[in-house]
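Some notes on the structure that comes next.
Nothing here was measured: the structure is a model prediction, and the numbers come from that model. In what follows, chains are A, B, ... by sequence order, proteins preceding strands, each numbered from 1.
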There are 2 protein chains.
Amino acid sequence: MDYTIKQVSERLGLPVSTLRYYDKEGLMPLLKRTDYGTRQYSETDICWLELVCCLKNNGMPLNEIKDFMGLCLEGASTCEQRKIMLEKHKEHVLQQIDSLTRSLDMINYKLDHYDEIGIFHIDAPVHS
Amino acid sequence: MDYTIKQVSERLGLPVSTLRYYDKEGLMPLLKRTDYGTRQYSETDICWLELVCCLKNNGMPLNEIKDFMGLCLEGASTCEQRKIMLEKHKEHVLQQIDSLTRSLDMINYKLDHYDEIGIFHIDAPVHS
DNA sequence: GCTTGACCTGAAGTTAACTTTAGCCTTTAT
DNA sequence: ATAAAGGCTAAAGTTAACTTCAGGTCAAGC
């Protein structure tokens with residue numbers, strides 16, 4: 001039922017070194033080891049890792065993700081705090097989507113008008 | 001008609017040190033100086049800086065932005081190359097929007113179901 | 001029995017994008 | 001005339017998120 005670090009690496013497409021790094025940084029406090037010290041990833045560990053990647057890919061820094069994990073470990077009393085963190089991250093994600101959407105408009109405008117625009121015509125974003 | 005580095009800093013909300021850094025890294029090859037050496041930003045320079053910020057904020061690394069600038073300086077022969085760069089960046093932006101949108105679904109799901117989810121229920125993103 | 005492959009650690013190295021520091025010049029207000 | 005404000009440079013320092021390296025353990029196959 002458990003996976004080696006290499007198996008997880010292949011499944012999630014993350015280098016082994018990164019998985020060890022995340023563990024070292026305290027992002028995997030529930031990860032089990034064999035007697036010798038080999039990491040044993042459970043399904044739950046993998047799910048948590050997928051969440052870590054998702055949050056990280058969308059701009060949450062690792063230390064915040066770690067704090068979130070820390071709150072989870074502290075129990076139900078931190079539920080509100082965790083909700084607040086997620087709300088804050090949601091705002092951040094919404095802002096990014098907005099910024100990207102406007103950037104897309106600018107790129108499309110440039111692509112559509114490229115031939116009309118002079119070589120040195122370095123114009124401002126279309127929305128400004 | 002020209003602006004000092006401090007004026008540009010205030011107008012664009014970028015620290016003076018960053019503006020100098022961009023210049024040093026070759027992102028402002030057309031920027032004029034006074035006899036002594038003080039930078040003189042024109043409207044065009046500011047427009048270019050706004051574009052730089054926009055591309056940078058949406059994930060284009062500075063060295064790619066610099067390459068783009070380099071192509072601009074080389075003249076009309078690089079037009080196709082520049083189009084290709086913009087198309088590539090557009091793909092990247094679209095991918096980011098997609099990733100963020102899916103992340104948003106996950107966050108909303110978690111927020112909606114937070115009370116039902118156990119303390120240690122660290123579940124995978126909703127789309128997986 | 002020994003080599004190969006997978007695992008481990010701690011420490012040092014890397015990259016991008018800045019920021020800070022130290023030291024120096026010039027213009028402007030008192 | 002002198003001190004404050006703003007400009008400059010080169011070089012060193014910072015941070016996040018990794019990667020690489022050196023050196024060592026263990027299990028399996030020949």
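Rounded to an integer number of Å, the gap from Leu19(A) CG to dC7(C) C1' is 13 Å. The nearest whole Å value for the distance from the CD atom in Glu25(B) to the C1' atom in dT9(D) is 14 Å. At whole-Å resolution of the value, CZ in Arg33(B) and P in dC25(C) are 17 Å apart. Distance, Ile5(A) CD1 to dT19(D) C1': 14 Å, rounded to whole Å. Rounded to whole angstrom, the span from the CD atom of Glu10(B) across to the P atom of dA5(D) amounts to 15 Å. Separating the OH atom of Tyr36(B) from the C1' atom of dT27(C) is a distance of 11 Å, rounded to the nearest angstrom. Asp35(A) has its CG atom 11 Å from the P atom of dC26(D), to the nearest Å. Counting to the nearest Å, the P atom of dC8(C) and the CE atom of Met28(A) are 13 Å from each other.
Among the heavy atoms of the strands lying under 4.0 Å from Thr4(A) are primed sugar atoms or P, OP1, OP2 only; no base atom is included.
Paired with Leu71(A) under the rule side chain to side chain contact (heavy atoms under 4.5 Å, CB included), one option of Glu80(A), Lys66(A), Met85(A) passes, and it is Met85(A).
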Does the salt bridge (charged side-chain N to carboxylate O under 4.0 Å, His left out) test come out yes or no for Lys56(A) and Glu50(A), once each step is laid out? CA-CA 10 Å; Lys56(A) 185 207 62 165; Glu50(A) 280 171 343; over 6 Å; no
side-chain hydrogen bond (donor to acceptor under 3.5 Å, both in side chains) between Thr101(B) and Asp98(B), worked out: CA-CA 5 Å; Thr101(B) 306; Asp98(B) 187 59; 5.7 Å; no
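A donor and an acceptor atom, one from each side chain of Asn58(B) and Ser99(A), are located under 3.5 Å apart.
Taking the side chain as every heavy atom from C-beta outward, Leu86(B) and Lys83(B) never approach each other to under 4.5 Å.
Distances shorter than 4.0 Å separate none of the side-chain N or O atoms of Arg20(B) from OP1 or OP2 on dT9(D). Note on Arg39(B): every side-chain N or O is 4.0 Å or more away from OP1 and OP2 of dG6(D).
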Nucleotide by nucleotide, 5' to 3', does protein get under 4.0 Å of the base (B), only the sugar-phosphate (S), or neither (-) in nucleotides 13-20 of chain C, counting heavy atoms? ---SBBBB
N/O donor to acceptor pairs below 3.5 angstrom from side-chain atoms of residues 20-31 of chain A, sequence neighbours left out:
unit_1, atom_1, unit_2, atom_2, d
Asp23(A), OD2, Arg33(A), NH2, 3.1
Asp23(A), OD2, Arg39(A), NE, 2.7
Asp23(A), OD2, Arg39(A), NH2, 3.4

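A salt bridge links Glu43(A) with Arg11(A): the closest approach of a Lys/Arg side-chain nitrogen to an acidic carboxylate oxygen falls below 4.0 angstrom.
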